[in-house]
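Okay, so here's the structure we're looking at.
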Protein chains: 2
Amino acid sequence: MDRVFQALSDKNRLKILELLKKRDMSVGEILENFSITNASLSHHLDILKRVNLIVSERKGQYIYYSLNVSVFEEIMMQISKIFNKNKK
Amino acid sequence: MDRVFQALSDKNRLKILELLKKRDMSVGEILENFSITNASLSHHLDILKRVNLIVSERKGQYIYYSLNVSVFEEIMMQISKIFNKNKK
DNA sequence: TATATATTTAGATATACATCTAAATATATA
DNA sequence: TATATATTTAGATGTATATCTAAATATATA
């Protein structure tokens, strides 16, 4: 769980999630919103992918990224567990 | 928001929250559950306090820490925002 | 095969972070 | 005033992280 929070603890990665909230995007499209290199962006995408916050799918030359909404419930539950007093 | 996630991204700090979920504890009581120095623990408590995840209250010689449940709703809402597609 | 898109690798740099030790400071109690 | 509890400060160390440049690799398309 700490690795998920770690993945969420960077402004640029939160911004990536914000972008993907609106619509699925290719790496190039995502990149337009940042002033970092594609190598750095790939690194951030890798981190988000490793903890299952995003998923990728190739479409022709492009690789499209999207939010992995299915992991959302799990994260909410974990956080809920942390704060729910009087419960195991 | 990234600062909250940053605060949550350390195993020891998550463990502190786990402990305080069960009951309020003094620093000494918390410390018994770790093998770090009191200086390091104070540092972690400071980080959690700065983002309002915990609050402290002096009782005589002791200072008791407890979860700040009121911030819970806010965090859940923020995370919900990140993942809720089709919504601003 | 050449080009476009993306990832990966390697090495470099700078910053942040977790931890320690040791000492100083602060507050409350005996 | 001496002791207990906790925080803070300062300096040190080691590791992790974000970023870069440059090059290599992979996949798909023209």
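Residue numbering restarts at 1 for every chain, and letters A, B, ... go by the order of the sequence lines.
- Between the CD1 atom of A:I63 and the CG atom of A:D24 there is a distance of 13.5 Å, given to the nearest 0.5 Å.
- Atom CZ in B:R3 sits about 13 Å away from atom P in C:dA16, given to the nearest Å.
- The residue A:S35 sits close only to the backbone: its heavy atoms come under 4.0 Å of sugar-phosphate atoms, none of a base.
- Across the interface with DNA chain D, nearest-nucleotide mapping of A:K59 and A:H44 shows A:H44 to be the residue nearer the 5′ end.
- Counting non-hydrogen atoms under 4.0 angstrom, B:I47 reaches the backbone sugars and phosphates but no base.
- Backbone-only contact: A:Q6 has heavy atoms under 4.0 Å from sugar-phosphate atoms and none from a base.
- Each of B:L41 and A:I63 was matched to the nucleotide of DNA chain C holding its nearest heavy atom; the match closer to the 5' end belongs to A:I63.
- Salt bridge status for B:E18 with B:K15: absent, with no side-chain N to carboxylate O gap under 4.0 Å.
- The nucleotide range of DNA chain D contacted by chain B, defined by atoms under 4.0 angstrom from heavy atoms of the protein and reported 5' to 3', is D:dA4 to D:dT8.
- Map A:D10 and B:Y64 each onto its nearest nucleotide of DNA chain D; the residue landing nearer the 5' end is B:Y64.
- The distance from atom CG of B:L20 to atom CD of B:E29, rounded to the nearest 0.5 Å, is 10.0 Å.
- DNA chain C is contacted by both A:H43 and A:Q61; A:Q61 maps to the nucleotide lying nearer its 5′ end (nearest heavy atom per residue).
- Cluster annotation: A:M1 and B:L53 are assigned to the same hydrophobic cluster (Ile/Leu/Val/Met/Phe/Trp/Tyr, side-chain heavy-atom contacts under 4.5 Å, transitive).
- Taken to the nearest 0.5 Å, the NZ atom of B:K11 stands 12.0 Å off from the CZ atom of A:F5.
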Side chain to side chain contact (heavy atoms under 4.5 Å, CB included) evaluation trace for B:Y65 with B:L45: CA-CA 9 Å; B:Y65 279 87; B:L45 293 173; 3.7 Å; yes

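- Using a 4.0 Å heavy-atom distance criterion, A:Y65 is classed as a sugar-phosphate-only contact.
- Note that CG of A:L48 and CZ of A:R50 are 11.5 Å apart. Values are rounded to the nearest 0.5 Å.
- With sequence neighbours excluded, no residue forms a side-chain hydrogen bond (donor to acceptor under 3.5 Å, both in side chains) with A:K59.
- Within 4.0 Å of B:N38, counting heavy atoms only, lies at least one base atom of the nucleic acid.
- Applying side chain to side chain contact (heavy atoms under 4.5 Å, CB included) to B:V71 and the options B:V69, B:L67, B:N68 leaves one that passes, B:N68.
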Pairing annotation in dot-bracket form, given for DNA chain C with Watson-Crick or G-U pairs under 3.5 Å and | for cross-strand partners: ||||||||||||||||||||||||||||||

